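In each ligand, atom 1 is the first atom listed, and ligand 1 is the first ligand listed. Every value quoted in this text rests on a predicted model; they were computed, and no experiment measured them.
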Amino acid sequence: MEQQQLRRMRRTVAGYAKADSIAQPQVDGAMLVNFCSNDYLGLARHPKLIEAMQEALARYGAGSGAAHLVTGHTAEHHALEEELAEFTGRESALLFSTGYMANVGAISALVERGDLVVQDRLNHASLLDGALLSGARLARYAHGDAEDAARKLGEATAERGLLIATDGVFSMDGDIAPLRELASRARAREAWLLVDDAHGLGALGARGGGALELAGLDADAVPLLVGTLGKAFGCFGAFVAGERPLIEVIMQRARSYLFTTALPPAVAAAARRSLRLAREEGWRRIRLQENVLRFRAHAAERGIALTASRTAIQPLVIGDAARAVAASDKLRAAGYWVAAIRPPTVPPGSERLRITLSTAHGDDEIDGLVESLAAVLAATPHQRPT
Ligand SMILES: *Cc1c(COP(=O)(O)O)cnc(C)c1O
């Protein structure tokens, strides 16, 4: 792995420069500006979240003590599930400890050997792993291509259950799945559609309803919605939302739900507060979008070619692992933390700098990043998006 420039290194965060934000971490003795976290709305260190967590800690302690179906399900978890169901406009929501576990659990609970799961080629690893674990047949369609998805479904003959699964906002590219087309293709074949909107919920749409709000799709069109609480909501955890009977089946059968300890109740309490802030403080989404536009406009002025992504995720494809790592190192030396993303997270040949914008970034920080990027890219052969 080392020879192929694929060995990854962790960098240890020692603290943060500001009291209410994680956007300016101290790493290896230097203060950096973080342009690769998923704390899109700048909520991870909000004083209200910390306060909610402290209150719940005093009331419930540090750990939940057991799985949800044993004795670990507290009033905080329950209230959070009800609030998530209401927020997503669905009958019911089920809390998982992580998004990885939500996807693996939901898919393997709903399909089995003899069924077919059709997935976008660039879906998050947890969606693909869920299909592999389920024993169903997995077919992958060309990225963002609903017609190819329909073709893959069309090849299904012997299969019983059909499921299409897609990221809402693609985690490494920032583009949005063709959700309206996928919904109508799924409906035509009586297939379930599962949308994992880990990067859209909270961050996109006037109400923070994510990619589905932008597409104007309701619970009928998309029966299964997965969301995470560790990204725009700045906490930890995840959920699957949908019709009550479907959610009940997942609760009864998902092994990543049954055989694991419930989230700490204090984390659920912080997530409830975060959900409220994300809903009420629409200015956070407006500011995020302004930051995305500012970054794109300045990058264009400096001749940096960006993809068409309009979300907080702005990738710069370098196309080679060693060069991507070298570019990331140079940016860090200039004070900007932008991780190099390599296989298996992205396909070989599409190694990249995955830049993310946050509400917590200031104008000067964004402008400074663009200046440093322009200098680094001028000295780094890279791909120009088509
Ligand atoms: C991050 C992510 C997940 C996993 O969520 P965690 O809560 O971090 O485990 C799932 N799906 C997508 C699309 C993601 O980006």
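For Arg7, the CZ atom counts as loosely surrounded, since its 6.0 Å shell holds 12 or fewer non-hydrogen atoms of other residues, nucleotides or ligands.
Between His361 and Phe295, the ring centre distance reaches or exceeds 6.0 Å.
Among all protein heavy atoms, the one lying closest to atom 13 (C) of ligand 1 is Asp196 OD2, 3.2 Å. Among protein heavy atoms, atom 4 (C) of ligand 1 sits closest to Tyr100 N, 3.5 Å.
Nearest-heavy-atom check against atom 1 (C) of ligand 1 across Met172, Lys231, His199 picks out Lys231.
The atoms of ligand 1 that sit less than 4.0 Å from any heavy atom of Gly99 are 4 (C), 5 (O), 6 (P), 7 (O), 9 (O). The Ser171 neighbourhood of ligand 1 comprises atoms 15 (O), with distances under 4.0 Å to a heavy atom of that residue.
When heavy-atom distances to ligand 1 are checked against a 4.0 Å cut-off, Thr98 comes that close through both its backbone and its side chain. With a 4.0 Å heavy-atom cut-off, ligand 1 is reached by no atom of Val226.
Aromatic ring orientation, His68 versus Tyr257: parallel (interplanar angle below 30°, classes split at 30° and 60°).
Side-chain contact between Val33 and Leu369 is absent, with no heavy atoms from C-beta onward closer than 4.5 Å.
Every heavy atom of Ala238 sits 4.0 Å or more from the atoms of ligand 1.
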